[in-house]
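Fair warning: this is a prediction, and the values are worked out from it, not measured in the lab.
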Amino acid sequence: MSNKVTLAYDVFVSDPPPRNDGVLPNGEPKGGSPVASTLIYGSSDAVLTDPAFTTDQADALGDWVAGKDRNLTDIFITHGHGDHWFAAELLAERFGARVVATEGTIAQMHAAIAARSLLWDKVYPGIPPSPVTAVTVPNHRFTLEGHDLVIVEVGHSDTDDTSVLHVPDIELVVAGDVIYNGAHMYLGESVVVGGFGPWRDAIDAVEALKPRHIVCGHQNKHLDDSAERTIAETRQYLDDADELLRTETTAVDFFNAKIERYPNHLARTVLWAGASALYGVREHPDEDVRQVILAGWL
Ligand SMILES: [Zn+2]
């Protein structure tokens, strides 16, 4: 007989910090994307995922976590993009928690640090020191009050070396940037891997876990967490992108056409960064791909 307490989870969405450095092609100010952090908890302990990236966000998220009155044991990072984890150490120190990631994600975290002065600190003030303190765990799993939390590596999605956290006992996948929910998807790094094939494979890998609930790394907080809907919409967004890459001749045309199809999606700055990279590589095949990707954000 098991008397294990059932786990539960709750989600905190950090709004993107403001930028003051120009506008998008449609004239609206540049911004960012909301980042979702998931708290999975039992009766006394809890695990947090992807704790966002500015000091202000960490303070607000930390207060929310503290209000749950659980002992935070681990902070799991799904992938290396800085907006998901630059604040991890602040929260790790506040709660005495361990930071956990895969070996591939840890390598990408170091790459994100190298990009701070070229990108992140240029456009966002208030990012704290972000040492990489994450460690791997044996067999890609750790536990929360006796329940397995399983790290599943899914390869390239919107960047390299991405992973998701599967909590089988509550049919939950914390999907990082593999699945999106009501926010424009970051398409730019597909130029490194020749298209959206690897991302589609990553979506298939999430679907194979048969989740009922998916928390997406970027989501409109007013939408639900239906796994079926978010998986279908993420696939459709990539299919639309492939179609528009054939029919639209410029990045601005692609940007406008996507907004027409997704008028309520958040994070148009992310859409523009991706469009800039996709068309930048097409128009300037001799340029360094990494430079083209970076330029899309600036
Ligand atoms: Zn992201």
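The two residues Gly176 and Thr78 come nearest to each other via the heavy atoms CA-OG1, 3.5 Å. Closest approach of Gly182 to Asn220, counting heavy atoms only: O-CB, 4.0 Å. Shown here for Ile203 and Arg235, the closest heavy-atom pair between the two residues is CG2-NE, 3.7 Å. Closest approach of Ala175 to Ile179, counting heavy atoms only: CB-CG1, 3.8 Å. Smallest separation of non-hydrogen atoms from Pro51 and Ala88: CG-CA, 3.6 Å. The two atoms that bring Asn181 and Asp224 nearest to each other are ND2-O, 2.9 Å, heavy atoms only.
Ring centroids of His218 and His84 are separated by less than 6.0 Å, placing the two rings close together.
Atom CG of residue Asp45 and atom CG of residue Asp74 lie 9.0 Å apart, to the nearest 0.5 angstrom. In this structure, Asp158 CG and Tyr186 OH are separated by 8.0 Å, a value rounded to the nearest 0.5 Å. Atom CZ in Phe255 sits 13.0 Å away from atom OH in Tyr279 (nearest 0.5 Å). Considering CZ of Arg268 and CG of Asn26, their distance stands at 6.0 Å, rounded to 0.5 Å. Atom OG1 of Thr102 is separated from atom CG of Asp161 by 6.5 Å, given to the nearest 0.5 angstrom. How far CD of Gln57 is from OG of Ser37: 8.0 Å, rounded to the nearest 0.5 Å.
We find that Glu89 and Arg94 are not joined by a salt bridge, their nearest charged nitrogen and carboxylate oxygen being 4.0 Å or further apart. Using a 4.0 Å cut-off between charged nitrogen and carboxylate oxygen, Asp288 and Arg290 do not count as a salt-bridge pair. Remark: Arg141 engages Asp148 in a salt bridge, criterion side-chain N to carboxylate O under 4.0 Å. For the pair Asp21 and Lys122, the salt-bridge criterion is not met [side-chain N within less than 4.0 Å of a carboxylate O].
By the neighbour-count criterion of 12 heavy atoms within 6.0 Å, atom CZ of Arg212 is sparsely surrounded, having that number or fewer from other residues, nucleotides or ligands. Surrounding NZ of Lys68 are more than 12 heavy atoms belonging to other residues, nucleotides or ligands, all under 6.0 Å away. Within a 6.0 Å radius of CD in Glu28, more than 12 heavy atoms belonging to other residues, nucleotides or ligands are found.
Tested against Val173 for a side chain to side chain contact (heavy atoms under 4.5 Å, CB included), the candidates Thr230, Leu209, Val215 yield a single pass: Leu209.
Residue Val99 is grouped with residue Tyr41 when hydrophobic side chains (ILVMFWY) are merged at heavy-atom distances under 4.5 angstrom, including chains of intermediate members. Follow the hydrophobic side-chain contacts under 4.5 Å out from Leu187 and you reach Val252 in the same cluster. Phe95 and Leu144 fall into different hydrophobic clusters, where Ile, Leu, Val, Met, Phe, Trp and Tyr are joined by side-chain heavy atoms under 4.5 Å apart, directly or via other members. Ile113 and Leu91 fall within the same hydrophobic cluster, defined by Ile, Leu, Val, Met, Phe, Trp and Tyr side-chain heavy atoms under 4.5 Å apart, directly or through other members. When the side chains of ILVMFWY residues are joined at heavy-atom separations under 4.5 Å, either directly or via intervening members, Ile75 and Val135 end up in two distinct hydrophobic clusters.
Lys258 forms a cation-pi arrangement with Tyr237, by the criterion of a distance under 6.0 Å to the ring centre and an angle within 45° of the ring axis.
In this structure, the side chain of Thr105 does not engage the main chain of Ala101 through any donor-acceptor pair within 3.5 Å. Without hydrogens or angle criteria, Trp85 side chain to Gly80 main chain gives a donor-acceptor distance under 3.5 Å. The main-chain N or O of Asp15 is never found under 3.5 Å from a side-chain atom of Lys221 such that the two would form a donor-acceptor pair. At least one donor-acceptor pair under 3.5 Å links the side chain of Thr162 to the backbone N or O of Gly155. Not one N or O on the side chain of Glu93 forms a donor-acceptor pair closer than 3.5 Å with the backbone of Leu90. Remark: side-chain polar atoms of Thr269 are paired, donor with acceptor, to backbone N or O of Gly31 under 3.5 angstrom.
No donor-acceptor contact under 3.5 angstrom links the side chains of Arg98 and Thr73, judged on distance only. Using a 3.5 Å distance cut-off with no hydrogens or angles, the side chains of Gln236 and Asp240 do pair a donor with an acceptor. Between the side chains of Ser44 and Glu145, at least one donor N or O sits under 3.5 Å from an acceptor N or O. Side chains of Gln108 and His79: a donor-acceptor N/O pair is absent below 3.5 angstrom, by distance only. A donor atom on one side chain and an acceptor atom on the other are found under 3.5 Å apart for Glu189 and Thr159.
Aromatic ring pairs are classed by plane angle as parallel below 30°, tilted from 30° to 60° and perpendicular above 60°; the pair Phe142 and Phe76 is tilted. Relative ring orientation between Tyr262 and His184 is described as perpendicular, the plane-to-plane angle rising above 60° on a 0-90° scale split at 30° and 60°.
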For this session: Would you please test Asp239 and Arg200 for salt bridge (Lys or Arg N to Asp or Glu O under 4.0 Å) and show each step?
Result: CA-CA 10 Å; Asp239 291 348; Arg200 290 189 172 100; 2.9 Å; yes
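For the side chain to side chain contact (heavy atoms under 4.5 Å, CB included) test, residues two or more places apart in sequence or in another chain that qualify with Glu103 are Thr136. Here Tyr124 pairs with Phe53 under the ring-ring contact (aromatic ring centres under 6.0 Å, His included) rule; sequence neighbours left out.
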